[in-house]
*Asks:* 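The structure under discussion is supplied below as structure tokens; questions concerning it will follow.
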Amino acid sequence: MERSLHRHPSPPSVPLPLRSDTPIGRSRAILHLRAPNPGRPMRIVAAAVKRRWIDGATEEMNAIASEAMDFAPTRRAARAAFADTQLHLDHCLFRMAPPGIRTEERYEEDSRGVEIFGKSWLPRYGVPIKGHLCFCHGYGDTCTFFFEGIARRIAAAGYGVHALDYPGFGLSEGLHGYIPSFDGMVDHIVEHYSTLKEREGKKLPWFLLGQSMGGAVALKVHLKQPRDWDGIVLVAPMCKIAEDVTPPGVVLKALTLMSYVLPEAKLFPQKDLAELAFRDPKKRKLAEYNVISYSDQMRLKTAVELLRATRDVESQLEKVSSPLLILHGAADKVTDPHVSKFLYDKACSTDKTLKLYEDGYHSILEGEPDGRIMSVIDDIIIWLDDHSSTK
């Protein structure tokens, strides 16, 4: 079921965009940073690319999507413009969403003065709640798009499902896609979910669900609060970034140094993660409708923080003591499935399960064939049921 992942030769140049707020249809400048030959200086070459048009969206919607999403008001306006269309997309998560689920959205200013967006999904009236599940989203994701369908299915099984957008992501305040401190971001999440627990009560079990980068977030939350959670579900967790999607060493060192001078600059090279993450090409196209997700080149400080966080998580895996369910696509080229096996082996938890999905890509909850997506969600619900009945 597992397959080995090989590092491919690095390309002769790496694209580094100068800006990302160019209107649709216009070119925007790109820098190509070339690794130097011995004795020769690093070269920078200019090129141009065009912003992608969202097929099926109206011209007005595309104009809204082309706006610079650096700050929360623009992202919130874009979400409002796309919200109804998103719920009617031809994706099994929307098409097969259970009816009657109760939802609540809120904006709350935390102790650091940042306004955080949160959302909850609860079973329909009359269905008792078995426990609560708190979601930590991935780097290129939010809590109001594909997760909307995932949350509704889990809520229909009898769970309160709760999610938030991190500072700088989705509908929360902050510079888009900017993580000045990974540990600082985790502190925001700990505060938000601790407040939620006080509000909802602690008699029922509380679980964490972390996907991709959110897997590292969930593990960090657990390490800060080892006794406060009744279990962790990790989906393609980012305990280590696959070598295939990291730049060559010489470029990485240069960009790390630049992050001290230009921390917010969108200069960190990355491949098309949507192509690597979604096995189903039709679902990959639908992901473009999540217009408030961060999809530009990674900001320098963000990249450095993600690399630092994965190294820190990797060094503390033996401290992971909570009941653990790890789900990973065996063909994932974004986060290495072998690292999930390493996590499974290293975690000191005596209650741990690892499941690899043959041929599965990174986004096993959103980008696989319909049957696979539903089976992954069912696996999560079965595990939650088994661990809710023991409290």
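Remember, it's a predicted structure, so these values are computed and weren't measured experimentally.
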*Asks:* Hey, are Tyr357 and Asp379 close enough side-chain-wise for a donor-acceptor pair under 3.5 Å?
*Replies:*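 Checked: Asp379/Tyr357 side chains pair up, N/O donor to acceptor below 3.5 Å.
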*Asks:* Is there a donor-acceptor contact under 3.5 Å linking the side chains of Asp55 and Tyr289?
*Replies:*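 The criterion, which ignores hydrogens and geometry beyond distance, is not satisfied for Tyr289 and Asp55.
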*Asks:* Which distance, rounded to the nearest 0.5 Å, do you find between the CG of Leu324 and the NZ of Lys352?
*Replies:*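 Answer for the CG-NZ pair, Leu324 versus Lys352, is 8.0 Å.
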*Asks:* Less than 4.0 angstrom from a charged side-chain N to a carboxylate O is my criterion; do Asp370 and Arg95 meet it?
*Replies:*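 Judged by the 4.0 Å cut-off on N to carboxylate O distance, Asp370 and Arg95 do form a salt bridge.
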*Asks:* Would you call Glu115-Arg76 a salt bridge at under 4.0 Å N-O?
*Replies:*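 A salt bridge is present here (some side-chain N lies under 4.0 Å from a carboxylate O).
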*Asks:* When you check the gap from the basic side-chain N to the acidic O, do Lys266 and Asp70 get nearer than 4.0 Å?
*Replies:*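 So Lys266 pairs with Asp70 through a salt bridge.
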*Asks:* Ion pair present between Glu264 and Arg299, side-chain N to carboxylate O less than 4.0 angstrom?
*Replies:*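 Salt bridge flag = no for Arg299 with Glu264.
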*Asks:* Sub-3.5 Å donor-acceptor pair from the side chain of Lys283 to the main-chain atoms of Pro369, do we have one?
*Replies:*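 No, Lys283 side chain to Pro369 backbone: no donor-acceptor pair under 3.5 Å.
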*Asks:* Do Asp141 and Phe169 have side chains that approach each other closer than 4.5 Å (heavy atoms only, starting at C-beta)?
*Replies:*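 Sidechains of Phe169 and Asp141: no contact.
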*Asks:* Is there a donor-acceptor pair closer than 3.5 Å between any side-chain N or O of His222 and the backbone N or O of Ala218?
*Replies:*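 No: the side chain of His222 does not pair with the backbone of Ala218.
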*Asks:* Measure from the side-chain N and O atoms of Thr335 to the backbone N and O of Ala236, and report whether any donor-acceptor pair falls under 3.5 Å.
*Replies:*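 At least one qualifying donor-acceptor pair exists.
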*Asks:* Determine whether the side chains of Glu148 and Trp121 contain a donor N or O and an acceptor N or O closer than 3.5 Å.
*Replies:*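 Yes, Trp121 and Glu148 have a side-chain donor paired with an acceptor closer than 3.5 Å.
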*Asks:* State plainly whether the residues Glu105 and Arg79 are in salt-bridge range, i.e. N to O under 4.0 Å.
*Replies:*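 Here Glu105 pairs with Arg79 in a salt bridge, since their nearest N and O are under 4.0 Å apart.
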*Asks:* With a 4.5 Å cut-off on side-chain heavy atoms, are Leu234 and Leu343 touching?
*Replies:*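 Yes - at least one pair of side-chain heavy atoms lies under 4.5 Å apart.
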*Asks:* Keeping Ser340 on the side-chain end and His328 on the backbone end, is there a donor-acceptor pair under 3.5 Å?
*Replies:*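 Such a contact is absent between Ser340 side chain and His328 backbone.
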*Asks:* From the options Phe147, Phe117, Phe146, Tyr166, select the one residue that forms a ring pair (Phe, Tyr, Trp, His ring centres under 6.0 Å) with His137.
*Replies:*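 Considering Phe147, Phe117, Phe146, Tyr166, a ring pair (Phe, Tyr, Trp, His ring centres under 6.0 Å) with His137 is found only for Tyr166.
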*Asks:* Please determine whether the number of non-hydrogen atoms from other residues, nucleotides or ligands lying under 6.0 Å from atom CZ of Arg199 exceeds 12.
*Replies:*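 It does: Arg199 CZ has more than 12 such atoms within range.
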*Asks:* Please confirm whether the backbone N or O of Ser389 pairs with a side-chain atom of Asp386, one donor and one acceptor, at under 3.5 Å?
*Replies:*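 It does not hold such a pair.
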*Asks:* Less than 3.5 Å apart, any donor N or O on the side chain of Ser388 or Asp385 sitting next to an acceptor on the other?
*Replies:*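 The criterion, which ignores hydrogens and geometry beyond distance, is not satisfied for Asp385 and Ser388.
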*Asks:* Find out whether Tyr344 and Leu317 are in side-chain contact, i.e. whether some heavy atom of one side chain is under 4.5 Å from a heavy atom of the other.
*Replies:*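 Answer no - side chains too far apart.
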*Asks:* Counting only N and O atoms by type, is there a donor-acceptor contact under 3.5 Å from the side chain of Asp110 to the main-chain atoms of Val114?
*Replies:*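 Pair found, side chain donor or acceptor close to backbone of Val114.
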*Asks:* Between Pro123 and Ile129, is there a side-chain heavy-atom distance shorter than 4.5 Å?
*Replies:*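 Of all side-chain heavy-atom pairs linking Pro123 with Ile129, at least one is under 4.5 Å.
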*Asks:* Among pairs that include at least one residue of residues 172-199, which meet ring-ring contact (aromatic ring centres under 6.0 Å, His included), considering only residues two or more places apart or in two chains?
*Replies:*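 For residues 172-199: His176-Tyr294.
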*Asks:* Under 4.0 Å between a Lys/Arg side-chain N and an Asp/Glu carboxylate O for Lys224 and Asp183?
*Replies:*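 Answer for the salt bridge query: no.
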*Asks:* Indicate whether any N or O donor in one side chain lies under 3.5 Å from an N or O acceptor in the other, for Arg152 and Thr103.
*Replies:*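 Note: Arg152 and Thr103 side chains miss the donor-acceptor criterion.
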*Asks:* Is it true that Glu288 and Arg284 make a salt bridge, defined as a side-chain N closer than 4.0 Å to a carboxylate O?
*Replies:*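 No, no charged N to carboxylate O under 4.0 Å.
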*Asks:* Is Met238 close to Thr310 at the side-chain level, that is, under 4.5 Å between some pair of heavy atoms?
*Replies:*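 Sidechains of Met238 and Thr310: in contact.
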*Asks:* Does Leu219 reach the side chain of Cys239, with side-chain heavy atoms less than 4.5 Å apart?
*Replies:*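 Yes, side chains in contact.
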*Asks:* Any salt bridge between Arg106 and Glu104, counting N to O under 4.0 Å?
*Replies:*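 Salt bridge: yes.
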*Asks:* Judged by atom type as modelled, is there a donor-acceptor pair below 3.5 Å linking the side chain of Arg75 to the main-chain atoms of Met69?
*Replies:*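 Indeed, once roles are kept as given, a pair shorter than 3.5 Å links the two residues.
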*Asks:* Quick check on the 6.0 Å ring-centre criterion: do His132 and Trp206 meet it?
*Replies:*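 His132 vs Trp206: aromatic centres under 6.0 Å.
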*Asks:* Between Ser172 and Asp165, is there a donor-acceptor pair closer than 3.5 Å when you use the side chain of the first and the backbone of the second?
*Replies:*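 Yes, the answer is positive, given that a donor and an acceptor are paired below the 3.5 Å cut-off.
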